[in-house]
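The structure presented is a predicted model; accordingly, all values stated were derived computationally and were not measured. Computed over heavy atoms, backbone and side chain alike; hydrogens, waters and symmetry mates excluded.
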Amino acid sequence: MTPEQLNAEFGIAEHLVFCDGPGGLVQARLACPWGAAVVSTYAGQVLSYVPAGEAQDLLFVSEQAAYQDGKAIKGGMPVCWPWFGPDPQGLGRPQHGFVRNRQWQVTGSDRSAGGAVRLVLAVTDTDETRQLWPSAFALRIEVTLGQALQVELITENHSDAAVEIGQALHTYFKVGDVNRARVVGLEGVTYIDKLDGGVEKVQNGTVTVSGPLDRIYLEPGQELVLEDPVFERAIRIRSNGSRSAVVWNPWVEQAAAMGDFGDLEYLQMLCVETTNAGPDRVSIAPGGAYRLGVDIRAERT
């Protein structure tokens, strides 16, 4: 649907407007008294969240990001589904599944009596997806902009057998200087170090960044805090439906090797992801559903 058609059916004057974004990919712009957000209908991906009073976006999107059909957008909150990371069966299927580089459909919008704005996007199985993953499904993402940004990913199993999935809301947070940022709330938590052959280790103190990181934290608490002294803020990240969390930064060599990521942009971002990753996988019964969600808000420090 064109932006004009979407505005006619789902737009909310002054609060939800659809427009053409980079590469001609349609974006939804949400606004309410507490802030603004941008969501790409391609990939069902949140690209921006700026709370009222914040000078800097909470989310990072690379200046080199590709806005092109068939390509993933580097930054924001990509949806990894129905697996996280490499193809778990080694069949050569795409990294992080197959929904982060396809068009989603707008299926709903509303504004609550309290002023929060909600947008719903969905994708369902097709002949193409069944070649990659044989199950029938309906997947939707609900983005609610209010006093916080709430994002919920809902998987419905429409097949006649149980399905097992991995997934992530792969959130790229913008930071003033990753060398000075830290993640609080993972102290003492066991993690899988993917840069050290998958060895399990225990987090000693807060998470700081001084080199490449790729870790799956197992059984973390529901709330993590990304402290950013440069931007003088703390980002509270509260997850539900998740028994793992991923912290990732590509650092120098991997950043330089990525064609859709600036060589020095690793200094401006840190991924703290709400996941079902590694051994944390979800089984969904026939006709069942599962919700993975995150609530993001900023506090001045």
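- Salt-bridge check for Arg300 with Glu54: passed, with a basic side-chain N closer than 4.0 Å to an acidic carboxylate O.
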Derivation of the salt bridge (charged side-chain N to carboxylate O under 4.0 Å, His left out) call for Arg93 and Asp87: CA-CA 6 Å; Arg93 296 174 297 180; Asp87 178 356; 2.7 Å; yes
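- Under the 4.5 Å side-chain heavy-atom criterion for ILVMFWY residues, a single connected hydrophobic cluster contains both Leu292 and Val39.
- The backbone N or O of Phe18 lies less than 3.5 Å from a partner atom in the side chain of Asn7, making a donor-acceptor pair.
- Annotation: side chain of Pro82 is not in contact with side chain of Gln167 (no heavy-atom distance under 4.5 Å).
- Here Asp110 contributes atom CG and His15 contributes atom NE2; the two are 12.5 Å apart, rounded to the nearest 0.5 Å.
- Within the 4.5 Å cutoff, the side chain of Val143 has no heavy atoms near those of the Met77 side chain.
- Using a 4.5 Å heavy-atom threshold, the side chains of Arg238 and Gln150 count as separate.
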Derivation and outcome, side chain to side chain donor-acceptor pair (under 3.5 Å), residues Thr41 and Gln103: CA-CA 6 Å; Thr41 64; Gln103 183 65 43; 2.9 Å; yes
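- Remark: Glu152 CD to Ile141 CD1 distance equals 10.0 Å, nearest 0.5 Å.
- Annotation: side chain of Tyr42 is in contact with side chain of Asn101 (closest heavy-atom distance under 4.5 Å).
- Here the closest heavy-atom approach between residue Ser135 and residue Phe137 is recorded as O-CD2, 3.6 Å.
- Classification of the Phe98-Trp133 ring pair by plane angle, with boundaries at 30° and 60°, yields tilted.
- Two residues are said to be in side-chain contact when any heavy atoms from C-beta on lie closer than 4.5 Å; Val120 and Phe10 fail this criterion.
- Residues Val247 and Leu186 meet the side-chain proximity criterion, which asks for heavy atoms closer than 4.5 Å.
- Residues Leu270 and Val225 do not share a hydrophobic cluster, clusters being chains of Ile/Leu/Val/Met/Phe/Trp/Tyr side chains in contact below 4.5 Å.
- A donor-acceptor pair under 3.5 Å is absent between the side-chain atoms of Tyr191 and the main chain of Val202, judged by distance alone.
- To the nearest 0.5 Å, the span separating OG on Ser62 from CD1 on Ile73 amounts to 11.5 Å.
- Paired with Ile296 under the rule side-chain contact (heavy atoms from CB on, under 4.5 Å), one option of Val272, Ile235, Thr274, Leu226 passes, and it is Ile235.
- Among all heavy-atom pairs drawn from Ala37 and Leu145, the shortest one is N-CD2, 3.9 Å.
- Between Gln27 and Pro22 the shortest side-chain heavy-atom distance falls below 4.5 Å.
- Using a distance-only test at 3.5 Å, with no hydrogens or angles considered, no donor-acceptor pair links the side chain of Asp196 to the main chain of Val199.
- Of the possible polar contacts, one joining the Thr275 side chain to the Ser244 backbone as a donor-acceptor pair under 3.5 Å is found.
- The shortest side-chain heavy-atom distance between Glu273 and Thr171 does not fall under the 4.5 Å cut-off.
- A donor-acceptor pair is defined here as one N or O able to donate and one able to accept, closer than 3.5 Å; such a pair exists between the side chain of His96 and the backbone of Gly85.
- Residues Ala255 and Asp263 approach most closely at CB-O, 3.8 Å, considering heavy atoms.
- Linking ILVMFWY side-chain heavy atoms closer than 4.5 Å, directly or via other members, places Trp83 and Tyr290 in a single hydrophobic cluster.
- In this structure, His170 and Phe84 have tilted ring planes: the angle between them lies in the 30° to 60° band.
- Between the Gln56 side chain and the Phe231 main chain, no donor and acceptor come within less than 3.5 Å of each other.
- Residues Val46 and Leu25 are members of separate hydrophobic clusters, defined by side-chain heavy-atom contacts under 4.5 angstrom among Ile, Leu, Val, Met, Phe, Trp and Tyr.
- Rounded to the nearest 0.5 Å, atoms CD (Glu265) and CG (Asn249) are 11.5 Å apart.
- For the residue pair Leu47 and Val61, the shortest heavy atom distance occurs at O-CG2, 3.3 Å.
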Full working for side-chain contact (heavy atoms from CB on, under 4.5 Å) between Thr206 and Glu187: CA-CA 6 Å; Thr206 58; Glu187 300 83 356; 3.1 Å; yes
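- Residues Arg281 and Arg243 approach most closely at O-NH2, 3.1 Å, considering heavy atoms.
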Residue pair Thr124, His158: steps toward the side-chain contact (heavy atoms from CB on, under 4.5 Å) verdict: CA-CA 10 Å; Thr124 58; His158 290 182; over 6 Å; no
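- With hydrophobic clusters built from ILVMFWY side chains whose heavy atoms lie under 4.5 angstrom apart, Val252 shares a cluster with Val175.
- Here the side chain of Gln45 pairs a donor or acceptor atom with the backbone of Gly75 at under 3.5 angstrom.
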Verdict with supporting geometry, Ile216 and Leu218, side-chain contact (heavy atoms from CB on, under 4.5 Å): CA-CA 6 Å; Ile216 302 174; Leu218 306 175; 4.0 Å; yes
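- Counting only distance, with no hydrogens or angles, the side chain of Trp104 and the backbone of Val99 share a donor-acceptor pair below 3.5 Å.
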Worked check of side-chain contact (heavy atoms from CB on, under 4.5 Å) between Ser239 and Val294: CA-CA 4 Å; Ser239 302; Val294 66; 4.1 Å; yes
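- The distance from the CD atom of Glu219 to the CG atom of Asp280 is 7.0 Å, given to the nearest 0.5 Å.
- Asn276 approaches Ser242 most closely through the heavy-atom pair ND2-CA, 3.8 Å.
- Screening residues 57-75 for salt bridge (Lys or Arg N to Asp or Glu O under 4.0 Å) gives Lys74-Asp260 as the qualifying pairs, with residues at least two apart or on separate chains.
- Taking OG1 of Thr126 as the start and CD of Gln131 as the end, the distance is 9.0 Å to the nearest 0.5 Å.
- Of the possible donor and acceptor atoms, none in the side chain of Asp193 sits under 3.5 Å from a partner among the backbone N and O of Gly197.
- No donor-acceptor pair closer than 3.5 Å links the side chain of Tyr266 to the backbone N or O of Gln254.
- Under the side-chain contact (heavy atoms from CB on, under 4.5 Å) rule, Val207 has a single partner from Val189, Leu224, Val184, Leu213, which is Leu213.
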